[in-house]
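Each remark here refers to the structure printed beneath this line.
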Amino acid sequence: MSTRLIASEPLTAALARMLAADLAPGATVLLEGPVGAGKTHFARAFIRARQGDLAEDVPSPTFTLVQTYDDPRGSQIWHADLYRLTDPSELSELGLDEAMDEAICLIEWPDRLTAPPPGALTVTLSPCPDPDLRGIELDFPGAARLAARAGFVTQAGWDEARVLPLAGDASARRYFRLEGPGGTAVLMDDASGAVAPFVAMTDWLRDRGFGAPALLAQDAAQGLLLLQDLGDDLVARVLARQPDLAPVIQDRITDLLVDLHRQPVPGFVAPLDGAAMADLVRLFTQKYPGAAAAPRIPALIAELHDRLCRDLPPALSLRDFHAENLVWRDAAPLGLLDYQDAVAAHPAYDLVSCLQDARRDVDPAVEQAQIARYLAATGADEAAFRAAYALIGAQRALRILGIFVRLAVRDGKPRYLDFMPRVWGHLSRNLAHPALAPLADALAGLPAPDAATRERIHARCRP
């Protein structure tokens, strides 16, 4: 849990800014170290990072004991220097005890406290023989990863950047926006270190004119990438804000897939064949209520894939291809996100992914129009393509239902349960295709994810 490093002044400030991106009201940071070790320097960088454009002067609170600052993300930031505290009872007069419950508190000389609050983070600074360096010890969960991120952005020349957390996906990857003097960038942190597929796919897409972000810096060994910032105009947000743009945007998405599928499949992506699709569906049989009574589902998926998806050769599938992983950039190519799991799959796969979106409703008329647009552009056999489309839609729905249960129960993320009725609707529509009759029979009798079923799942969620 404890991480030690020797830091320059820029790296010290970068550590503070990275920590500022992580904390929420109620967090307390204990800043330990002798006079002149850099505690106030650390606190100043932290406070100014939280405040951004509203940043104030941050003087040392040695004489005032406490300085308070508005936090644009809510609550307040309290910066306390307890060096001159003569008695712990004075904490009540300062209001620091109450502040630690609802504000972010940075406390220098915390040994004056009667006891640190539970869960407090400790940052210890110490001088080095070189006056431009200091020793830093970080003692809190995730300290090593935070230090790695700070070191990476400092080495990449972004040490002065403000760090803001970005909403992540269902994976363990984390994303941050860096706001520096020269613009913005996005930091991707994959603690598993598995960024090589993302890098390879990025290079492949950009070499062919597709809208993947430029790689600005990378440390593949540590799973850290600095990416071009494609902006906040996710297609899902643009469609919600400007529904009149829907026809243009939907056509652009389908045309992107047409162009993508004209490219030879890169040799470094894995196949998503019948066996692989069957294996992914096992999560549904393991997690969804009652599905253990239908053990033949994965085998049926494999059999149907081998029969219904053999008319077309595999195409490149970006896989998580939906409106929250696409960025609208007007006339520029659509921005692409989250494609590190790309595979070679039936050409219908990404069309299904986008048109049967688990997170948002797509008008069935729009879905049918885009299928027709794809068929007209590619000349694929309509009957065969629609049968494969229905199978892939059913397989994806089953897998997603299993994932949502796992996210809720194992990872304590019950918000995904709210998407299940929509996904079940996709499943039901796909199962209506005559070619999927054997799969429909195997799934008959399983409970729909109605309110009662979701409540049973929710009762099993990790606190």
Side-chain angles (χ1 to χ4, degrees), residues 1-50 58-69 77-86 88 90-91 94 96-97 99-101 103-155 159-160 163 189 191 222:
M1 184 182 296
S2 179
T3 297
R4 295 179 176 86
L5 64 156
I6 301 298
S8 62
E9 187 168 305
L11 177 54
T12 301
L15 287 165
R17 295 186 187 104
M18 202 62 68
L19 184 60
D22 265 354
L23 299 192
T28 297
V29 181
L30 309 179
L31 295 171
E32 298 186 341
V35 173
K39 300 185 296 297
T40 299
H41 172 68
F42 188 97
R44 182 177 294 115
F46 182 105
I47 294 166
R48 293 179 68 83
R50 292 288 295 199
V58 182
S60 171
T62 299
F63 296 102
T64 58
L65 298 186
V66 169
Q67 295 281 142
T68 62
Y69 303 88
I77 305 168
W78 283 49
H79 181 198
D81 184 330
L82 306 185
Y83 184 75
R84 296 174 57 247
L85 196 71
T86 58
E90 295 177 49
L91 290 172
L94 293 173
L96 190 58
D97 286 343
M100 285 190 282
D101 291 331
I104 295 177
C105 294
L106 309 175
I107 303 176
E108 301 185 36
W109 301 99
D111 56 309
R112 271 61 168 174
L113 296 170
T114 52
L121 292 71
T122 301
V123 178
T124 303
L125 301 100
S126 57
C128 290
D130 184 337
D132 293 328
L133 300 176
R134 57 181 54 86
I136 298 181
E137 181 177 353
L138 307 172
D139 191 4
F140 48 84
R145 201 66 203 161
L146 183 142
R149 292 197 298 270
F152 174 66
V153 299
T154 300
Q155 188 174 19
D159 51 282
E160 295 184 21
V163 185
D189 178 4
Q222 293 201 84

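This one's a predicted model, so the numbers in the text were calculated from it and none came from an experiment.
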How long is the span from the CH2 atom in Trp109 to the OG1 atom in Thr62, to the nearest 0.5 Å?
9.5 Å

Nearest heavy-atom neighbours spanning Ala20 and Ala49:
CB-CB, 4.0 Å

Scanning both residues in full, the closest heavy-atom pair of Ala37 with Pro127 reads CB-CD, 4.3 Å

So, for Met100 and Pro117, which heavy atoms are closest and what is the spacing to 0.1 Å?
SD-CG, 3.6 Å

Smallest separation among heavy atoms of Leu5 and Leu15, with atom names:
CD1-CD1, 4.0 Å

Got a sec: does the CD of Glu32 have more than 12 other heavy atoms crowding it under 6.0 Å?
yes

Which one of Thr124, Leu113, Leu106, Asp139 satisfies the side chain to side chain contact (heavy atoms under 4.5 Å, CB included) criterion with Leu30?
Leu113

Do the non-hydrogen side-chain atoms of Cys105 and Val29 ever get within less than 4.5 Å of each other?
no

Side-chain contact test, heavy atoms from C-beta onward, threshold under 4.5 Å: evaluate it for Ile107 versus Leu96 and give yes or no.
yes

Compare all side-chain heavy atoms of Leu19 with those of Leu146 and state whether any distance is below 4.5 angstrom.
yes

Taking every heavy atom of Leu125 against every heavy atom of Gly38, the minimum-distance pair comes out as CD2-O, 3.8 Å

Please determine whether the number of non-hydrogen atoms from other residues, nucleotides or ligands lying under 6.0 Å from atom CD of Gln155 exceeds 12.
no

Approximate separation, where rounding is to 0.5 Å, of Leu31 CG and Thr28 OG1
10.5 Å

Before accepting this row, confirm whether a basic side-chain N of the pair Asp22/Arg145 lies closer than 4.0 Å to the acidic partner's carboxylate O.
no

If I compare all heavy atoms of Ala103 with all of Trp78, which pair ends up nearest, and what's the gap?
CB-CD1, 3.8 Å

Among residues at least two apart in sequence or on other chains, which ones pass side chain to side chain contact (heavy atoms under 4.5 Å, CB included) with Pro59?
Gln67, Tyr69

